[in-house]
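We use all heavy atoms of the structure for the numbers below, so side chains are in, but hydrogens, waters and symmetry mates are not.
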Amino acid sequence: MKKFREKLSGRIFLALAFSSISALAIITIFIIINGMPIISEVGVKNFVFGMSWAPSRGEYGILPMIIGSVTVTLGAVILGVPIGICCSIFLTEFAPKALSKLFRPAIQLLAGIPSVVYGFWGLLSVVPLIRNYLGGPGLSILAASIILAIMVLPTVISISEVSILALPRQYKEGALALGLTHWQTIRAVVLPSAKSGIVAAVILGTGRAIGETMAVIMVLGNAVAIPSSILDPVRTLTTNIGIEMGYASGTHKEALFATGIVLFIVIMILNASAQYIMRKK
């Protein structure tokens, strides 16, 4: 009877695991089936490197949106990653236990806030500040980068903190025994030893930023153009799908699915890179 229960439990868990994989496979196949016809018709080069997005004229070029996604994500990484790594160092090396117990739930709460709340706060606070003090319309790459930088903080902080805490105590104790100061130990021993997990945290945070939609729609301006500065409005791949999918039909809808294929490939590459780095270590 005991063996039967064990086998039954194993098969149930196996079925649940296959159901998760099946869901991913179904989504992938669905996107490819709906997006490949327009890519075959327009051509991969014209679709990916085309400069004009005008569905009413049959023009489907997503290069401005790719550039928009890259600039916004890069801005979020530049602003958010250093803060996240510094926070993880503070929580693991400097913060008293009472303060750490207060900070960790707050960081987890930050991860649970809906993205539309971030977008609404950015629209009412960040956008007017940029417009009043830096110029431009306010709805810009900078505004979206600031919002996304805050949104990726929980991912970067949590994974970096776990990576630092997972290091053997002998690393730090040996460095201190050799005469290194606390900061020298962190800089020369702790961070290099935990770099695999920190890099994985950065990559996962980048994937989180590049896949965000609702918050970015509200603060980005959504102009299909190549930006000349961080104060210009742009449109990303995700916001393009979110804005136009509600009324798209025919080849226009297929082009949005094809945009999803490009986005899907980018995120899969980022996640695979993070998994490879973590497993390598």
Side-chain angles (χ1 to χ4, degrees), residues 62 64-89 106-131 134 136-161 197-223 225-243 259 262-271 273-274 277:
I62 63 171
M65 288 170 279
I66 292 176
I67 294 175
S69 296
V70 170
T71 53
V72 171
T73 304
L74 185 61
V77 170
I78 292 173
L79 294 175
V81 168
I83 296 173
I85 294 175
C86 290
C87 285
S88 65
I89 294 172
I107 293 169
Q108 294 172 1
L109 179 64
L110 194 66
I113 298 175
S115 60
V116 66
V117 176
Y118 284 107
F120 187 66
W121 172 76
L123 187 62
L124 296 181
S125 301
V126 178
V127 170
L129 286 174
I130 294 174
R131 182 169 56 243
L134 298 178
L139 300 166
S140 60
I141 296 172
L142 180 59
S145 297
I146 292 173
I147 299 301
L148 288 179
I150 297 172
M151 295 180 70
V152 303
L153 281 178
T155 301
V156 177
I157 293 173
S158 299
I159 299 178
S160 298
E161 183 184 4
I198 293 173
V199 171
V202 173
I203 293 174
L204 292 175
T206 303
R208 172 78 171 87
I210 202 170
E212 179 54 44
T213 304
M214 184 53 66
V216 179
I217 286 178
M218 300 175 72
V219 300
L220 193 55
N222 303 304
I226 294 179
S228 58
S229 76
I230 60 173
L231 300 179
D232 290 341
V234 293
R235 181 180 292 191
T236 65
L237 296 170
T238 54
T239 58
N240 186 55
I241 297 172
I243 291 171
T259 304
V262 175
L263 182 64
F264 186 78
I265 292 172
V266 171
I267 293 177
M268 287 295 290
I269 291 173
L270 289 173
N271 288 336
S273 300
I277 292 171

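Note that CE of M65 and CD1 of I226 are 11.0 Å apart. Values are rounded to the nearest 0.5 Å. Rounding to the nearest 0.5 Å gives a distance of 10.0 Å between CD1 of I66 and CG of L263. The CG atom of L153 lies 6.0 Å from the CD1 atom of I83; values are rounded to the nearest 0.5 Å. Once rounded to the nearest 0.5 Å, the distance linking CG of L110 with CE of M151 reads 9.0 Å. Considering CG of L123 and CG of L220, their distance stands at 12.0 Å, rounded to 0.5 Å.
The salt bridge (Lys or Arg N to Asp or Glu O under 4.0 Å) contacts involving residues 225-240 comprise R235-E244, where partners must be two or more places apart or lie in separate chains. Listed by first and then second residue, the side-chain hydrogen bond (donor to acceptor under 3.5 Å, both in side chains) pairs involving residues 108-118 are S115-E212 (not counting sequence neighbours).
Residues passing the side-chain contact (heavy atoms from CB on, under 4.5 Å) test with V152, sequence neighbours excluded: R208, A209. Contacts of T236 classified as side chain to side chain donor-acceptor pair (under 3.5 Å), with partners at least two apart in sequence or in another chain: T238, T239. Partners of I78 under the side-chain contact (heavy atoms from CB on, under 4.5 Å) rule, at least two apart in sequence or in another chain, are L74. The side-chain contact (heavy atoms from CB on, under 4.5 Å) search around S125 returns W121, not counting sequence neighbours. Annotation: side chain to side chain donor-acceptor pair (under 3.5 Å) contacts of T259 (sequence neighbours excluded): none. Applying the side chain to side chain donor-acceptor pair (under 3.5 Å) rule to N222 yields no partners; only residues at least two apart in sequence or on another chain are considered. Residues passing the side-chain contact (heavy atoms from CB on, under 4.5 Å) test with I265 are I261, I269, sequence neighbours excluded. By the side chain to side chain donor-acceptor pair (under 3.5 Å) test, S158 pairs with no residue at all, sequence neighbours left out.
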Practice problem: For the pair I147 and V216, evaluate side chain to side chain contact (heavy atoms under 4.5 Å, CB included) and give the outcome as yes or no after the intermediate values. | Solution: CA-CA 8 Å; I147 299 301; V216 179; over 6 Å; no
Exercise. For the pair I241 and T213, evaluate side chain to side chain contact (heavy atoms under 4.5 Å, CB included) and give the outcome as yes or no after the intermediate values.
Key: CA-CA 9 Å; I241 297 172; T213 304; over 6 Å; no
Quiz item: Which is it for V126 and V219 under the side chain to side chain contact (heavy atoms under 4.5 Å, CB included) test, yes or no, and what are the steps along the way?
Solution: CA-CA 9 Å; V126 178; V219 300; over 6 Å; no
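At distances below 3.5 Å, not a single donor-acceptor pair connects side-chain atoms of S160 with backbone N or O atoms of I157.
Residues I146 and L79 meet the side-chain proximity criterion, which asks for heavy atoms closer than 4.5 Å. Two residues are said to be in side-chain contact when any heavy atoms from C-beta on lie closer than 4.5 Å; P227 and I67 meet this criterion. By the 4.5 Å heavy-atom criterion applied to side chains, V116 and M218 are counted as neighbours.
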Please table the atom pairs, donor to acceptor, closer than 3.5 Å between any side-chain atom in residues 136-145 and protein atoms at least two apart or in another chain.
unit_1: S140; atom_1: OG; unit_2: G138; atom_2: O; d: 3.2
unit_1: S140; atom_1: OG; unit_2: A143; atom_2: N; d: 3.4
unit_1: S145; atom_1: OG; unit_2: V72; atom_2: O; d: 3.3
unit_1: S145; atom_1: OG; unit_2: I141; atom_2: O; d: 2.8

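Residues I210 and V266 come closest through the heavy atom pair CD1-CG1, 3.6 Å.
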